[in-house]
Number of protein chains: 2
Amino acid sequence: MFKCSKQEELIAARLFELNKQTMPKFERCTGISQSRLEILRELFEAEEITQRELQKKVNIDHAAVTRHLKQLEEKGMVIRRKNPADNRFTYVSLTEEGKTKIAAYCEEKQRFISKILDGFSELERSTLLNMLTRIQENVDNL
Amino acid sequence: MFKCSKQEELIAARLFELNKQTMPKFERCTGISQSRLEILRELFEAEEITQRELQKKVNIDHAAVTRHLKQLEEKGMVIRRKNPADNRFTYVSLTEEGKTKIAAYCEEKQRFISKILDGFSELERSTLLNMLTRIQENVDNL
DNA sequence: GGTCAATTATTGATGCATCAATTACTATAA
DNA sequence: TTATAGTAATTGATGCATCAATAATTGACC
């Protein structure tokens, strides 16, 4: 049949378990969810962008993006405005307050990631990234 | 401003992205969620086990375990009975139907994992597993 | 024996993701 | 110009995870 090695199962289990444990710790350490930080980061780099483009970049469901942005707007971190030339589109951008806050979040994130990858040499990190990329490609081709 | 290596961030991003994309595909391919399959698998190996022990093994919240088991019971895959010697404990076990079904699920899972790790040599898999384990340890020590 | 602490399981509230349906708008073709 | 198709954003329903609070049971200690 299609017998797969015990080792392969262990790898899959670890990948799954790793994420499950890391995600909540990330939120507790940084004070923000991974998804939301990704959105903010994309906004930081893009300056101004439509929700649609943003959604494609962060690869989260439309509905989820809308809800994140609504909350971020309430907190005064982002501003939204309709595209005057095409009212279907909504431009999103960071407020000044948002820009300063995201810097702090990103620093927290970096600190967090450094701890996670503690003890890995440059070469090892390169190897790991390469492997993860290959797995990602396999997943894409399903 | 951003002072942790770009590479480290890429690794973290890939780990996160990988799981986000893999999880739903796993469910579609195998017809069951990763969490639920883990529960069934544990039950398969344990024969009969208390919910509490099961919960510790699969490392999911008590409440979630209760809800999973309730649904699995409705589907006729598991049976629950109180421990007569201590009514606080509930023993859980697979039905015969459950046992046959889980075998099929596991095969699907193996097929899925094999595709995900396609192209990896024995040595590479070993290296990868080792790295993931090290990361896991780092996460544990947070 | 009766009170108190500890343990298991359940339920409720909440957060976040998805899909499906809806609304609002634009562009194109008859 | 009007009907139609397509796109963006929103809202609603649902699923699954967590934490917090509660109920039920047991054991220990006075």
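Lettering follows sequence order; numbering is per chain, from 1. As a basis for the values below, the full set of heavy atoms in this structure was taken, side chains included, without hydrogen atoms, waters or symmetry mates.
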What's the [atom1]-[atom2] distance between [X] and [N], to the nearest Å?
X	N	atom1	atom2	value
B:Asn59	D:dA17	CG	P	12 Å
B:His68	C:dA9	NE2	C1'	16 Å
A:Asp61	D:dA13	CG	P	16 Å
A:Leu72	C:dC16	CG	C1'	14 Å
A:Asn19	C:dA17	CG	P	13 Å
A:Met23	D:dC19	CE	P	14 Å
B:Arg52	D:dT26	CZ	P	18 Å
A:Leu69	C:dC16	CG	C1'	14 Å

Notebook entry, point to check: Hey, does A:Asp86 reach any base, or is it just sugar-phosphate, or nothing, if we go heavy atoms under 4.0 Å?
Noted result: sugar-phosphate
Notebook entry, point to check: When we call it a touch if two heavy atoms are under 4.0 Å apart, what does A:Arg28 touch: a base, just sugar-phosphate, or nothing?
Noted result: nothing
Establish, with yes or no, whether the OP1 or OP2 oxygen of [N] is under 4.0 angstrom from a side-chain nitrogen or oxygen of [X].
X	N	value
A:Asn87	D:dA8	no
B:Ser35	D:dA17	yes
A:Lys20	D:dT18	no
A:Arg88	C:dA24	no
A:Arg81	D:dA9	no
B:Lys82	C:dA9	no
B:Thr66	C:dA9	no

Checklist line | Residue whose nearest DNA chain C nucleotide is more 5′ - A:Pro84 or A:Ile60 | finding: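 Checking each residue's closest nucleotide, the 5'-ward one belongs to A:Ile60.
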Note to self: Please compare B:His62 and A:Asn83 by the position of their nearest nucleotide in DNA chain C and report the one closer to 5'.
What the structure shows: B:His62
Notebook entry, point to check: Side chains of B:Gln110 and A:Glu9: is there a donor and an acceptor less than 3.5 Å apart?
Noted result: yes
Nearest-nucleotide pick for [X], side chain only, options being [options]:
X	options	answer
B:Phe89	D:dT11, D:dG6, C:dA9	C:dA9
A:Thr90	C:dT10, D:dA9, C:dT18	D:dA9
B:Ala63	C:dT7, D:dA20, D:dT11	D:dA20
A:Gln51	D:dT10, C:dT7, D:dA8	D:dT10
B:Ala64	D:dA17, D:dC16, C:dT10	D:dA17

Under a 4.0 Å N-O cut-off, is there an ion pair linking [X] with [Y]?
X	Y	value
B:Lys75	B:Glu97	no
A:Lys20	A:Glu17	yes
B:Glu8	A:Lys115	no
B:Glu73	B:Lys70	no

Check: Looking at B:Phe89, does the NZ or CZ of B:Arg52 lie under 6.0 angstrom from its six-membered ring centre and within 45 degrees of the ring axis?
Finding: no
Check: Can you find an N or O donor on one side and an acceptor on the other, under 3.5 Å apart, linking the side chain of A:Arg67 with the base of D:dG12?
Finding: yes
